[in-house]
Protein chains: 2
Amino acid sequence: MSYYTRFIRPGGQCIRLGGYRRKSPSPKFGTRQDFENGIRELKGLFPGDLSSTSNEELETHGFSGTDYHPGALHSIIVYPQSTEDVVKIVKVATKYRIPVIPYSAATSLEGQTRGHPTVGGICVDISHMDKILEIHADDGDLVCQAGAGWMDINETLKEKGIPLFFPIDPAPTATIGGMLSTGCSGTNAVRYGTARGEWILNATVVLPSGEVIKTRQRARKSSTGFDTTKLFIGAEGTLGIITEVTIKLTPVLPTTVAVVHFPDVHKATEAVIEVLNKGVGIQCVELMDDQMMSATNKYGQASRKWPEKDTIYFKFQGPTKASLAETAKIAKSVVEKYGGTGFTLAKDDKEAAELWTDRKNALYAGLAMYPGAKAWSTDVCVPLTKLPDLVYQTKRDLEEIGIPYNVLGHVGDGNFHTGLFFKTEEEKEIVRQATHRMVKRAIALDGTCTGEHGVGIGKKKYLVEELGEGTVQLMKSLKRTIDPLGLFNPGKLYPDETDDEVEGKV
Amino acid sequence: MSYYTRFIRPGGQCIRLGGYRRKSPSPKFGTRQDFENGIRELKGLFPGDLSSTSNEELETHGFSGTDYHPGALHSIIVYPQSTEDVVKIVKVATKYRIPVIPYSAATSLEGQTRGHPTVGGICVDISHMDKILEIHADDGDLVCQAGAGWMDINETLKEKGIPLFFPIDPAPTATIGGMLSTGCSGTNAVRYGTARGEWILNATVVLPSGEVIKTRQRARKSSTGFDTTKLFIGAEGTLGIITEVTIKLTPVLPTTVAVVHFPDVHKATEAVIEVLNKGVGIQCVELMDDQMMSATNKYGQASRKWPEKDTIYFKFQGPTKASLAETAKIAKSVVEKYGGTGFTLAKDDKEAAELWTDRKNALYAGLAMYPGAKAWSTDVCVPLTKLPDLVYQTKRDLEEIGIPYNVLGHVGDGNFHTGLFFKTEEEKEIVRQATHRMVKRAIALDGTCTGEHGVGIGKKKYLVEELGEGTVQLMKSLKRTIDPLGLFNPGKLYPDETDDEVEGKV
């Protein structure tokens, strides 16, 4: 048993917590009695299904099936329905000094939504806060609660016949609040940028003080000082809980898909840079390596078989069929200069969808290659011209240690994802170390330990190396100013004294 | 004579300082002796032309010919050449408690670069820090010092045959450091966004502590926590001095220009929204009102005469001539649905340049209408559909009070500029009050007191009304954390107790 909460899986198996349990809890949190009082108070405020301490829900929220960082249970799950509900939760948390961990779709890959490893905490699950509040079609924006999913939003717009969409496309079930908190992006980033750009017009945030702020009004542009919205983008819930957001929308345009194969990643990257510099309508430009193409041939949903070579999937976009055809023609002539072969352009929308299906299902095809295996997914990002070196060195490394892997890249951004496959605990350790070396390599190439998955507990040990001690100290000092009690998602994002221990394991 | 510094114009005329001089100086600054010691030390560190206390330079830096906020002299102007030089200045400032005011092209319109009204301060003029340090053409980025001008950068790229440019286009002489500090934008924002977007990959900043941080590495994307770069964008030098920046570049594309006239701003805005939603290549979409067209006919550089109606100038962009033609065709058919007449498309690049000249010189044509008059330029920004109301109400107001004016708008962003013309002090006061009412109107329409000019001393009294007390308090608390001595551009951006007094005058 841990200090304040239970680390027992249903069935009684005790979960080991990566060494964190050996540390005594920080004195900043309340006592066991405080926690019990707080939980009782929350159950009163959020009766019935609006809160839970059931083993099953604690388990679902405290562990993840998609990453392999240590799990840690929360003390209670609370389901607010409004900003006012979140304020109530924050007030209880502050009164009893209980950590507060925001939670939505839990698609994050770096352990961002875990409970605090020694004391648990209040998991604020915003999945009931999924309403679209206002649609301003002619202004090209929309106001929603933070638990609304980006795909649901786009589906709603489509159903209403509004030809606009929100273009940031991480995991299909991701919510706006989680997307902001992660500073996420996806395949559309090469055209539309990321959650850090200008897609978020304002956010309503419950601060650790319990105060509610709205960061801006709804104008598309403003130069009224530094934009406090940006402070919460990528903060992983450590500075407050985002409850409502105004997002900017963009027109839905016709698209088509083309696939082309290259001798190597170097040639593919050079070709992509030149295509992008032509200024043609590129919505996505995705690299799938030879391993990934092999998996797709064996386990992809599409019937077509491809050469097992490093391959680029383009999604072209344009206002008209004519502009799509022009883009395809320009792209074809460029890629062929760089040794691109077998340029396949979808004949119609149906074929475009089929071609893209292989890209979308790459993760599952990759997994199917290694029955019974799990995939450690991670990402890094480097300047465009550094990508071939990074991919080459990483692949050589992985081949030397004999771990099955595949490579996916948002190559127009220099953003590179790997899936590393393992079955045993021993292999998992080898995979963890290979990931560590990949990150070190990316940082040495003027890149980042994470292009779009965030920091959580998995990447925080790299922040000082990447950003410098001064930048990290600045982040920490702002955190202390906004959250002086240190209750908001403690142990995530900012490196701390426990990281030497974690680092020692790598 | 003021407390520590001289408010005497060359020639001996004493400058009145809008009431600020009646306040005793804040005790947080050093004594007169401290200031003298600090200035002496700076002169030793920056000998000869590298610093100045000449009347002429103090006058140039402490006043502005383009805005009508109170002027205030600095105590000394220092010209650093490197980040290390800026650190030296900050150390002297901290040692002697002297304000530090960064200064570059001084194109700002809200008094951002004035000296402190009661004590002056150290004006850090970064105009010698104008070097391009690295060009990474294939990565699509460039590293420069903060004093580099955006037009110089683009000229250099052109001379080197690199077909890329930096697309944020405020005043022609603006520098990268000033642009970041203002959170600026320009005519290209409808296509490329603003300085708040993803064009700034990292910044090197000298913090008030004297510490130098670099906010990020050079990857295009990163999700390592909240992005501290964004903290300095729009901070107007109140949180540190930006010394080096990595900016993202984008391909230079063929463009052309079209002009079309509308019955009113309402129809023009509706047409623009529909054109934008077609997803065609629009680089700029600029409104010039009937008054502005009248001024252009009388004093524009182009020989052509136009109907004196509310007019839209489009700059189309596309990868090829064919795509430009397609865009023009689509735009023409849309605008005609909304009563657009006289659609004039440039036949060639020469004619496109000539058409655009009228838009570029609008300010000067407007001024020429009222010989001997000065123009009070300001901007606000609202959601797109609110723009016609704002323009209509503002024009009615201006006509009622009988002040000559014209209207320019970055209409694709809802960003609206006015030039209000005055000759006498009495008229200036009327203009100030009209500007005040325009701002109030914009805020009431879910907009902002400034779309791209920043806050400075001119707009800070509106921040609480626009952003809410909580957001402003958050900004102030971060300011106190980063600049506990309050030395960095004091009196700018954040509303303070003097604003009631200013407000009382409006």
Side-chain angles (χ1 to χ4, degrees), chain A residues 138-139 182-183 185 193-194 196-198 211 213-215 217-228 230-231 233-235 251 253 273 277-280 319 322-323 326 381-385 413-415 446-448 450-455 463 466 468 470-471 474-475 477-478 481 493, chain B residues 138-139 182-183 185 193-194 196-198 211 213-215 217-228 230-231 233-235 251 253 273 277-280 319 322-323 326 381-385 413-415 446-448 450-455 463 466 468 470-471 474-475 477-478 481 493:
Chain A
D138 286 342
D139 290 329
T182 308
S185 49
T194 78
R196 296 194 187 281
E198 302 191 72
E211 189 175 14
I213 64 166
K214 185 174 165 187
T215 53
Q217 300 223 75
R218 204 162 52 78
R220 291 199 157 202
K221 297 192 328 193
S222 172
S223 58
T224 48
F226 58 91
D227 182 359
T228 53
K230 308 288 199 208
L231 203 65
I233 297 176
L253 297 181
I273 290 172
N277 282 347
K278 294 288 181 192
V280 291
S323 63
E326 183 186 72
C381 188
V382 291
L384 301 186
T385 58
D413 306 311
N415 187 194
D446 219 349
T448 173
T450 172
E452 57 185 36
H453 293 168
V455 177
L463 246 60
E466 179 179 330
T471 301
L474 174 63
M475 293 171 75
S477 69
L478 300 182
T481 299
L493 181 51
Chain B
D138 286 342
D139 290 330
T182 309
S185 49
T194 79
R196 295 194 186 283
E198 302 191 72
E211 189 175 14
I213 63 166
K214 184 175 166 189
T215 53
Q217 300 224 73
R218 204 162 53 78
R220 291 201 156 201
K221 298 192 326 193
S222 172
S223 58
T224 48
F226 58 93
D227 181 359
T228 54
K230 308 288 200 209
L231 202 65
I233 297 176
L253 298 182
I273 290 171
N277 283 347
K278 294 287 182 195
V280 291
S323 63
E326 183 186 70
C381 188
V382 291
L384 301 186
T385 58
D413 305 311
N415 187 193
D446 220 350
T448 173
T450 173
E452 56 185 37
H453 293 169
V455 177
L463 247 60
E466 179 179 330
T471 301
L474 174 62
M475 293 170 76
S477 69
L478 300 182
T481 300
L493 181 51

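Order of the sequence lines fixes the chain letters, A, B, ..., with proteins taken first and strands second; residue numbering starts at 1 for each chain.
For A:T228, the part lying near chain B is the side chain, with the backbone staying farther off; criterion is any non-hydrogen pair under 4.5 Å. Heavy atoms closer than 4.5 Å to chain A are found in both the backbone and the side chain of B:K230. Only the backbone of B:I233 comes within contact range of chain A, with at least one heavy atom under 4.5 Å from a heavy atom of that chain. In this structure, chain A has heavy atoms under 4.5 Å from both the backbone and the side chain of B:E452. Only the backbone of A:V382 comes within contact range of chain B, judged by heavy atoms closer than 4.5 Å. Both the backbone and the side chain of A:D413 have a heavy atom closer than 4.5 Å to some heavy atom of chain B. Within the 4.5 angstrom heavy-atom criterion, only side-chain atoms of A:E211, from C-beta onward, approach chain B.
Residue B:M475 holds its CE atom at 8.5 Å from CG of A:D227, rounded to the nearest 0.5 Å. How far OG1 of B:T448 is from CZ of A:R220: 15.0 Å, rounded to the nearest 0.5 Å. Rounded to the nearest 0.5 angstrom, B:L478 CG and A:T481 OG1 are separated by 6.5 Å.
Between the A:T385 side chain and the B:D139 main chain, no donor and acceptor come within less than 3.5 Å of each other. Counting only distance, with no hydrogens or angles, the side chain of B:S223 and the backbone of A:G183 share no donor-acceptor pair below 3.5 Å. Listed for the B:R196 side chain is a donor-acceptor partner under 3.5 Å among the backbone atoms of A:S222. Looking only at distances, a side-chain donor or acceptor of B:T471 sits under 3.5 Å from a matching main-chain atom of A:K214.
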Trace of the side-chain hydrogen bond (donor to acceptor under 3.5 Å, both in side chains) decision for B:K221 with A:S185: CA-CA 9 Å; B:K221 298 192 326 193; A:S185 49; 2.9 Å; yes
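With chain A as the partner, the residue from B:D446, B:T215, B:L493, B:I213 showing the most heavy-atom pairs under 4.5 Å is B:D446. Ranking A:L463, A:V455, A:V280, A:L384 against chain B, the residue ahead of the rest is A:L384, based on heavy-atom pairs under 4.5 Å. Ranked by heavy-atom pairs under 4.5 Å with chain A, the list B:G193, B:G468, B:A322, B:P251 is led by B:P251. In terms of heavy-atom pairs under 4.5 Å with chain B, the best-connected choice from A:P383, A:G234, A:G197 is A:P383. When each of A:G470, A:G414, A:P319, A:S477 is checked for heavy-atom pairs under 4.5 Å with chain B, A:P319 comes out on top. With respect to chain B, the highest number of heavy-atom pairs below 4.5 Å among A:L474, A:N415, A:T224 belongs to A:T224.
Of all heavy-atom pairs between A:T194 and B:E198, the closest is N-OE2, 2.6 Å. Pairing each heavy atom of B:L231 with each of A:F226, the nearest pair is O-CB, 3.2 Å. Heavy atoms only, all atoms of each residue included: B:L253 and A:G279 are closest at CD2-CA, 3.6 Å. The two residues B:A219 and A:C381 come nearest to each other via the heavy atoms CB-O, 3.5 Å.
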